[in-house]
There are 2 protein chains.
Amino acid sequence: MDDHRLFHLFRRLDIRDTLSADEKQALAEAAGNTVQYSAGSDMSSEGDSPDRSQLLIGGMAARYNRVESGDRQITAFHIAGDFVDLHGFLLARLDHGVSAVTDVTVVEFPHVNLTAVTERFPHLTRLLWLSTLLDGAIHRQWLVAMGRLSALSHMAHLFCEHYLRADTVALAAGMSFPFNITQEQLADALGLSTVHVNRTIQELRRLGLISWDGRTVTIHDWERLQQVGQFDPTFLDLTRSPR
Amino acid sequence: MDDHRLFHLFRRLDIRDTLSADEKQALAEAAGNTVQYSAGSDMSSEGDSPDRSQLLIGGMAARYNRVESGDRQITAFHIAGDFVDLHGFLLARLDHGVSAVTDVTVVEFPHVNLTAVTERFPHLTRLLWLSTLLDGAIHRQWLVAMGRLSALSHMAHLFCEHYLRADTVALAAGMSFPFNITQEQLADALGLSTVHVNRTIQELRRLGLISWDGRTVTIHDWERLQQVGQFDPTFLDLTRSPR
DNA sequence: CGCCACTTTGAAACAGTTCAACGTCAGTGG
DNA sequence: CCACTGACGTTGAACTGTTTCAAAGTGGCG
C-alpha cells in the first residue's frame with residue numbers, strides 16, 4: 001500500500017503543505033521502476049528528451065553543464081526526496097547532464113503517469129510544480145552567492161543550505177549531514193578552482209565553523225556560519241501553508 | 001473578447017505548444033487590473049507574500065537580491081509576455097525584490113483566479129508551470145556563464161539570450177532589440193563591476209559583434225556572438241510540442 | 001545653461017587561478 | 001602482509017582577470 005520509496009518525497013512535501021491519502025496513493029501509483037546508478041555514472045545526458053522523471057531516494061546527484069574549456073559547472077545538488085529532472089516532464093530537452101555523485105537509487109516516474117496525475121489531482125499538481133519552484137529559488141540564491149559573495153561566504157551559504165535540506169528529509173543527525181563529494185565537485189558547484197576550494201575549506205575549519213572528512217559535514221557554529229554565508233532560509237520555504 | 005493585453009504571453013506560449021480558445025479565454029478571465037510602474041520603482045519587495053502575480057506587458061523588469069555589502073545581484077530580466085513572479089503563486093514568500101528597469105505595465109493575476117485555472121484546466125496549468133520552468137532553465141545558464149565563462153563570454157551569452165527572447169514575443173526588429181538599461185544594471189546581472197562591464201562592452205563593440213546605445217542592442221555578427229558566448233539556444237525550448 | 005546621472009579612462013590593489021610539486025590514504029594484487 | 005597505485009588533498013609561488021578608487025568626459029533634460 002504505502003510505498004516506502006516515497007518516504008523522503010512525502011516528507012519534503014508534507015513540510016510545505018498537507019498531502020491527502022488519495023494524493024499519496026496517486027503518487028505511489030505513478031511511480032515506476034527503481035533504478036541504481038554507481039558513483040560517477042551519468043543518469044541523464046545533455047540534450048536527452050526523457051520520457052520519465054527520476055525521484056532520488058538514496059545517494060547524491062548533481063546537474064551539470066560543460067563549457068568549451070572542458071570546465072564543468074554544477075547547477076544543483078540533489079538528495080533523497082528530490083526529483084533530479086522533474087522539469088524534464090514539460091521541457092522538451094534537458095539542458096544539462098545529471099551525474100551520480102555517490103551510488104544512487106532513483107524511482108522513475110513515467111511522464112504519461114505524471115500527465116495523468118495533473119489531469120486528476122490539481123492540488124497535487126501544484127505541489128509538484130512547487131517542487132520545481134524550490135529548485136528555481138535555490139538557483140537564484142546560488143546566483144547571488146556566485147555573483148556577489150566571496151568564496152568563503154559562498155561556501156558557508158552552501159553548507160547552510162545543505163544542512164537544512166538534509167534536515168527536512170531526516171538525513172541530518174544533530175548538526176551533521178552526509179556530504180560525500182570531492183573537493184573538485186564542490187569547486188564545480190561554487191565556480192572556483194579546486195585549489196581555492198581547498199584553501200577556503202581550511203579557512204572555514206580554522207574559524208571553527210565546520211568540519212568535513214569528505215563524507216560528513218558537521219557544523220560547529222550554526223549562527224556564525226549563517227552570518228558568514230549571509231544565509232536567510234526564507235528561500236527554502238520551510239513553512240506549511242495551503243498551496 | 002480577445003484581451004489584447006495578453007498578446008505577448010499567448011505568443012510566448014504558442015511557440016511551445018497550442019493554446020485552445022477555451023484556454024485563452026480562461027486566462028483572459030483570470031486577468032485583473034492593469035498597473036503601471038515608473039522606471040526605478042519597486043514592483044515587489046523581498047519577503048512579500050503577494051496575493052497576485054504580475055504579467056509584464058510593456059517595459060523591462062528585474063528580479064534582484066541585495067547582500068550586506070550593499071551590492072545587488074540581478075537574477076532575472078523580464079520583458080513583455082513574462083510573468084515576473086508567477087512562482088509567487090505557490091511560494092509563500094518572495095525571496096527577491098522586483099524592480100521596474102524602465103517604465104513598466106503589468107496585468108495582475110489574483111492567485112485565487114490562478115488556483116481556479118489549475119482546478120479546471122490541467123493542460124493550461126502545465127503551460128503556466130512550463131513558464132516557470134523556462135525561468136529555471138535561464139537561471140541555470142546564468143549560473144554556468146557566471147561560474148565558468150569570462151566576462152566577455154558571459155555578456156555575449158546574455159545578449160544572445162535576450163535577442164531570442166525578444167524575437168519570440170515580436171519585440172526584435174531585424175537583429176536589434178530594446179535593451180534600455182544602464183551599465184550598472186547590466187553589471188548587477190553579470191556579477192561584475194560597472195567599470196569592467198564598460199570595458200567588456202567596448203571589447204564586444206571593438207570585435208564588431210554588437211552595438212548598443214543604451215536603448216537598443218544591435219547584433220552585427222550573430223554567428224560569432226554565439227561562439228564567443230558559447231550560446232546554445234536549446235535551454236529556451238523554442239520548439240512546439242504537446243506538454 | 002547647467003545639472004545630474006551615466007559612461008569612460010588610468011593606475012594600483014586584490015581575490016582567485018594556474019602550474020607544479022608533494023603528501024596521504026584506501027584499495028589491490030603479488 | 002606489504003609494496004604499489006591512483007585518486008584525492010595540500011602547499012607554494014607566480015600570474016591574471018577583475019575590482020577599486022579617483023577623476024574626467026558626455027549628454028539629455030528642466
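Letters A, B, ... mirror the listed sequences (proteins, then strands); counts begin at 1.
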Inset, instruction - Would you mind telling me which residue lines up with the more 5' stretch of DNA chain C, A/Arg215 or A/Val195, judged by nearest nucleotide? - result: A/Val195
Inset, instruction - Check the surroundings of atom CD in A/Gln202: do more than 12 heavy atoms from other residues, nucleotides or ligands lie under 6.0 Å from it? - result: yes
What is the distance, rounded to the nearest whole Å, between atom [atom1] of [X] and atom [atom2] of [N]?
X: A/His196; N: C/dC14; atom1: NE2; atom2: P; result: 15 Å
X: A/Asp213; N: C/dA26; atom1: CG; atom2: C1'; result: 14 Å
X: A/Met155; N: C/dA15; atom1: CE; atom2: P; result: 16 Å
X: B/Leu149; N: D/dT18; atom1: CG; atom2: P; result: 11 Å
X: B/Leu192; N: D/dT20; atom1: CG; atom2: C1'; result: 14 Å
X: A/Ile201; N: D/dC8; atom1: CD1; atom2: P; result: 14 Å
X: A/Glu203; N: D/dT10; atom1: CD; atom2: C1'; result: 15 Å
X: A/Arg205; N: D/dG9; atom1: CZ; atom2: P; result: 10 Å

Legend entry - 5' priority, DNA chain D, between B/Arg199 and A/Gln202 [closest heavy atom]: A/Gln202
If you look at every strand shown and take non-hydrogen atoms under 4.0 Å, does [X] touch a base, only sugar-phosphate, or nothing?
X: A/Ser150; result: sugar-phosphate
X: A/Gly40; result: nothing
X: B/Arg148; result: nothing
X: A/Thr182; result: sugar-phosphate

Legend entry - Phosphate OP1/OP2 of D/dG9 contacted by A/Asn198 side-chain N/O (<4.0 Å): no
Inset, instruction - Answer yes or no: does a side-chain N or O of B/Gln183 lie under 4.0 Å from OP1 or OP2 of C/dT8? - result: yes
Legend entry - Gap between atom CD of A/Gln183 and atom CG of A/Leu192 - 0.5 Å precision: 11.5 Å
Legend entry - Under 3.5 Å side-chain donor-acceptor pair for A/His139 and A/Thr75: no
Legend entry - Distance-only polar pair, side chains of B/Glu68 and A/Ser153, donor-acceptor under 3.5 Å: no
Legend entry - Heavy-atom side-chain contact between B/Leu158 and B/Leu186 under 4.5 Å: yes
